[in-house]
Amino acid sequence: MAEQKEKVLEIKNLNVKFVLEEETVEAVNDISLHMEKGETLGLVGETGAGKTTTALSILRLIDSPPGVMECEKLEVCGKDIKNMSISELEHIRGSVVSMIFQDPMTSLNPVFTVGQQIAESLERHENLNKNEAWKKAEDMLELVGIPRERAIEYPHQFSGGMKQRVIIAIALACSPQVLIADEPTTALDVTIQAQILHLMKELKEKKNTSMIMITHDLGIVAETCDRVAVMYAGRIIEEGNLDEVFNHTLHPYTEGLFNSLPNIKNRRAKLQPIHGLMPDPTNLPKGCAFAPRCNYATEACQERRPQLTDFGGTHKAACLAYENKDFHIERGKKNG
Amino acid sequence: MAEIILEVKNLKKYFKTARGTLHAVDDVSFTIEKGKTLGIVGESGCGKSTTGRAILRLLEPTDGKVFFEGQDITSLSGGKMRQMRRDMQIIFQDPFSSLDPKKTVSQTIAEPIVENKILKDKKAIDTRVRELMKTVGLAERLVNSYPHELDGGRRQRIGIARALAMEPKFIVCDEPVSALDVSIQAQILNLLQELKEQMGLTFIFITHDLSVVNHFADEIAVMYLGQLIEKAPTEELFDHPVHPYTKALLSAIPIPEVGIERPERILLKGEISSPIDPPDECRFAKRCIHTCDQCRAACPQLLEVSPGHFVSCHLWKEFM
């Protein structure tokens with residue numbers, strides 16, 4: 001598609017640190033991201049990669065202290081979030097950008113009915129009176145597949161999958177332009193996960209919402225996203241559309257993730273785990289953060305930090321090995 | 001004829017609750033051959049963990065029998081059962097809560113050896129602990145570390161070393177990799193596979209992750225609301241699932257590939273119903289698209305529909 005699309009999110013050089021008494025945790029390091037209208041961007045990585053911190057930064061939800069957030073640019077739908085006052089931010093949160101959290105068991109308030117919790121943001125952002133907001137709240141419940149009569153029930157009367165539907169209803173009530181979904185199905189069973197992903201996809205298309213899908217599951221990325229950014233130790237190490245990242249993988253870490261997954265078609269294939277552990281974010285290595293675990297690492301990788309470099313199309317990767325023109329990862333050879 | 005190491009017969013585990021009797025495990029029967037891995041899969045609340053625990057009598061079964069190497073262990077006295085558990089161990093899901101935070105790595109691994117008086121000499125115990133640490137890939141320098149200093153993968157290795165300390169023949173692995181990141185998960189799965197081959201262990205592998213069990217198990221048992229609804233050799237189950245629930249479950253696995261043709265996803269309506277005093281009908285009837293009068297009239301029995309392939313569905317002939 002050649003048409004110029006509207007940018008709904010632009011982040012430039014985002015850094016987030018948590019300054020503690022004895023040490024400083026470098027959670028997010030120099031991240032730049034952008035997203036177009038209607039697009040779904042997958043943010044993938046393992047525990048501690050900085051995915052959630054990046055997402056929270058977009059809404060300026062990082063607790064400070066100890067959090068310190070710095071960036072060159074942070075814009076959502078052309079609005080400068082970086083220099084926004086708290087009251088303006090409160091208007092943005094929930095109406096322009098909303099967030100679905102991982103754990104549906106703890107993100108609802110147990111002492112309010114689910115109807116009240118959906119109506120709350122409608123009253124606040126959409127200038128609806130109590131009755132109108134309640135009606136719309138019931139409509140939203142129906143939209144996510146829950147009978148409207150259940151609006152007067154409390155969270156504990158719902159199952160996990162149903163609670164997550166309620167949370168989706170709250171997040172979508174004010175028709176946000178950008179939806180951030182932080183591991184929205186991780187706490188759910190697979191058949192329920194399939195229902196929820198299907199529902200999110202449907203609603204997203206109906207409302208042309210842009211979405212950031214944070215997940216550790218490459219299967220979910222393959223099924224729901226248009227583009228993907230892979231994070232490691234607070235940095236984006238590979239980025240591109242699905243075909244580029246899945247079928248023409250560049251970064252050794254991304255390759256390692258794929259090799260760690262059991263192959264559903266070839267069950268006898270031996271898993272090839274990435275050896276070692278993610279580096280301590282209070283003490284990141286000087287060079288490439290992945291070098292100590294990387295099979296292709298050379299001396300240069302210990303010394304210099306690779307920059308995210310263009311590899312044609314929308315494909316980018318941060319790996320020094322490609323300075324050697326003939327370099328290929330194993331997966332790359334297979335894919336040609 | 002291969003040797004049967006474990007036979008479970010009509011196992012039941014009920015819990016009394018304020019609202020009625022909860023049928024956590026309801027009449028489950030199966031056998032495992034020596035040296036094989038049986039995967040038990042199902043969603044939260046289907047009774048897979050309770051089954052694992054009832055087999056080891058960590059939860060006392062309400063009814064039914066468990067035979068281990070031909071011996072009925074459900075009738076053993078406390079002391080005899082304790083001895084039997086040397087052969088039957090368990091690895092728990094959450095390496096964050098299953099270890100004593102006040103004990104070091106060596107104390108944790110040594111505990112079962114000391115408790116069961118396997119070795120008495122301090123030096124011998126220490127040597128054995130170091131040997132076990134080596135077996136599971138824990139560096140020797142961690143011998144005096146505490147659990148909070150270690151990541152999830154290393155903690156799970158401690159759990160495995162502890163289970164191996166008794167030189168068991170049979171281990172129940174209850175979601176051993178669910179709390180771990182994929183790169184670490186692969187390390188632990190490979191370790192379990194190696195141990196199984198080296199020591200000729202028999203595993204029950206309980207998990208909700210179908211791609212893991214596909215990789216790891218020789219046979220798979222699918223549970224739904226306390227009952228076993230399908231059991232078959234792994235390849236057979238993945239290639240020719242018969243029960244509508246198994247089909248839906250398999251179709252829900254997200255496949256991490258792009259540009260492939262995805263199998264059509266079967267979306268289930270509704271959610272798992274209550275296990276409290278379930279009516280005498282197919283437990284899956286409320287969510288099944290094929291439900292007919294017969295399904296509501298009686299609960300189907302587990303039948304062998306082809307050699308080694310068991311299904312509990314009234315309409316199985318239509319789905320073959």
Side-chain angles (χ1 to χ4, degrees), chain A residues 44-49 145 158-162 185 187-195 197-199 215-225 228 241-248 253 256-278 293, chain B residues 41-46 137 150-154 177 179-191 193-194 208-218 224 234-235 238 245 248-260 262-263 265-274 287:
Chain A
V44 190
E46 297 182 283
T47 317
F158 290 81
S159 67
M162 291 290 227
T185 57
L188 306 175
D189 283 316
V190 276
T191 60
I192 310 296
Q193 165 171 299
Q195 290 173 3
L197 290 179
H198 180 77
L199 172 72
T215 179
H216 64 278
D217 188 332
L218 287 161
I220 292 180
V221 172
E223 290 187 8
T224 59
C225 299
V228 54
N241 65 32
L242 287 192
D243 179 53
E244 288 165 342
V245 175
F246 279 69
N247 297 336
H248 306 278
Y253 174 64
L257 281 183
F258 281 116
N259 288 346
S260 302
L261 292 174
N263 185 335
I264 204 110
K265 285 191 209 116
N266 180 9
R267 54 182 298 258
R268 292 282 160 227
K270 197 165 159 54
L271 303 181
Q272 297 164 29
I274 305 169
H275 60 85
L277 300 170
M278 179 108 66
R293 303 177 73 185
Chain B
V41 299
E43 300 183 281
S44 4
C46 73
L150 305 173
D151 65 283
R154 289 208 178 104
V177 295
L180 308 174
D181 275 318
V182 281
S183 68
I184 308 299
Q185 172 178 312
Q187 293 175 4
I188 298 294
L189 287 175
N190 279 354
L191 171 66
Q193 190 73 40
E194 279 159 27
H208 67 280
D209 189 331
L210 289 145
S211 48
V212 166
V213 88
N214 174 46
H215 174 78
F216 200 78
D218 301 299
Y224 189 82
T234 304
E235 260 151 69
F238 271 78
Y245 176 67
L249 202 60
L250 294 179
S251 83
I253 309 172
I255 302 170
E257 281 177 57
V258 171
I260 52 160
R262 288 178 194 282
R265 180 151 292 171
I266 306 164
L267 286 177
L268 292 177
K269 310 168 286 186
E271 302 188 27
I272 214 160
S273 42
S274 167
R287 296 175 81 188

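Most heavy-atom pairs under 4.5 Å with chain A: of the set B/A248, B/S251, B/S211, this distinction falls to B/S211. Interface check for chain B: of the options A/I192, A/D217, A/N266, the most heavy-atom pairs under 4.5 Å are formed by A/I192. The greatest number of non-hydrogen atom pairs below 4.5 Å with chain A, out of B/G153, B/A252, B/G42, is found for B/A252. For chain A, the option among B/I253, B/T234, B/L210 with the highest count of heavy-atom pairs below 4.5 Å is B/T234. Note on B/I255, B/I260, B/N190: by heavy-atom pairs under 4.5 Å with chain A, the leading option is B/N190. Residue with the most contacts toward chain A among B/V212, B/L267, B/I184: B/L267 (heavy-atom pairs, distance under 4.5 Å).
Taking each heavy atom of A/E46 and B/D181 in turn, the nearest pair found is OE2-CB, 3.0 Å. Across all their heavy atoms, A/E223 and B/P254 have their closest contact at OE2-CA, 3.2 Å. The shortest heavy-atom contact between B/S44 and A/D189 is OG-OD2, 2.6 Å. Shown here for A/R293 and B/S183, the closest heavy-atom pair between the two residues is NH2-OG, 3.3 Å.
Between atom CD of residue A/Q195 and atom CZ of residue B/R265 there is a gap of 11.0 Å, rounded to the nearest 0.5 Å. Rounded to the nearest 0.5 angstrom, B/F238 CZ and A/I264 CD1 are separated by 4.5 Å. Distance check: B/D151 CG to A/L277 CG gives 4.5 Å after rounding to the nearest 0.5 Å.
Contacts of B/L189 with chain A are made by side-chain atoms alone, with heavy-atom separations under 4.5 Å and no backbone atom involved. Heavy atoms closer than 4.5 Å to chain B are found in the side chain of A/Q193, but not in its backbone. For A/M278, no part lies near chain B; criterion is any non-hydrogen pair under 4.5 Å. The parts of A/I274 that come within reach of chain B are both its backbone and its side chain, each placing non-hydrogen atoms under 4.5 angstrom from that chain. Using a 4.5 Å cut-off between heavy atoms, A/V190 contacts chain B through both its backbone and its side chain.
With sequence neighbours left out, the side-chain hydrogen bond (donor to acceptor under 3.5 Å, both in side chains) criterion links A/D243 to A/N247. Taking B/E257 as the reference, A/K265 meet the side-chain hydrogen bond (donor to acceptor under 3.5 Å, both in side chains) condition, with sequence neighbours excluded.
Looking at heavy atoms from C-beta onward, A/L271 lies out of side-chain contact with B/Q193 at the 4.5 angstrom threshold.
Among the candidates A/L257, A/V221, A/L218, A/N263, the single residue satisfying the side-chain contact (heavy atoms from CB on, under 4.5 Å) test with B/P256 is A/L218.
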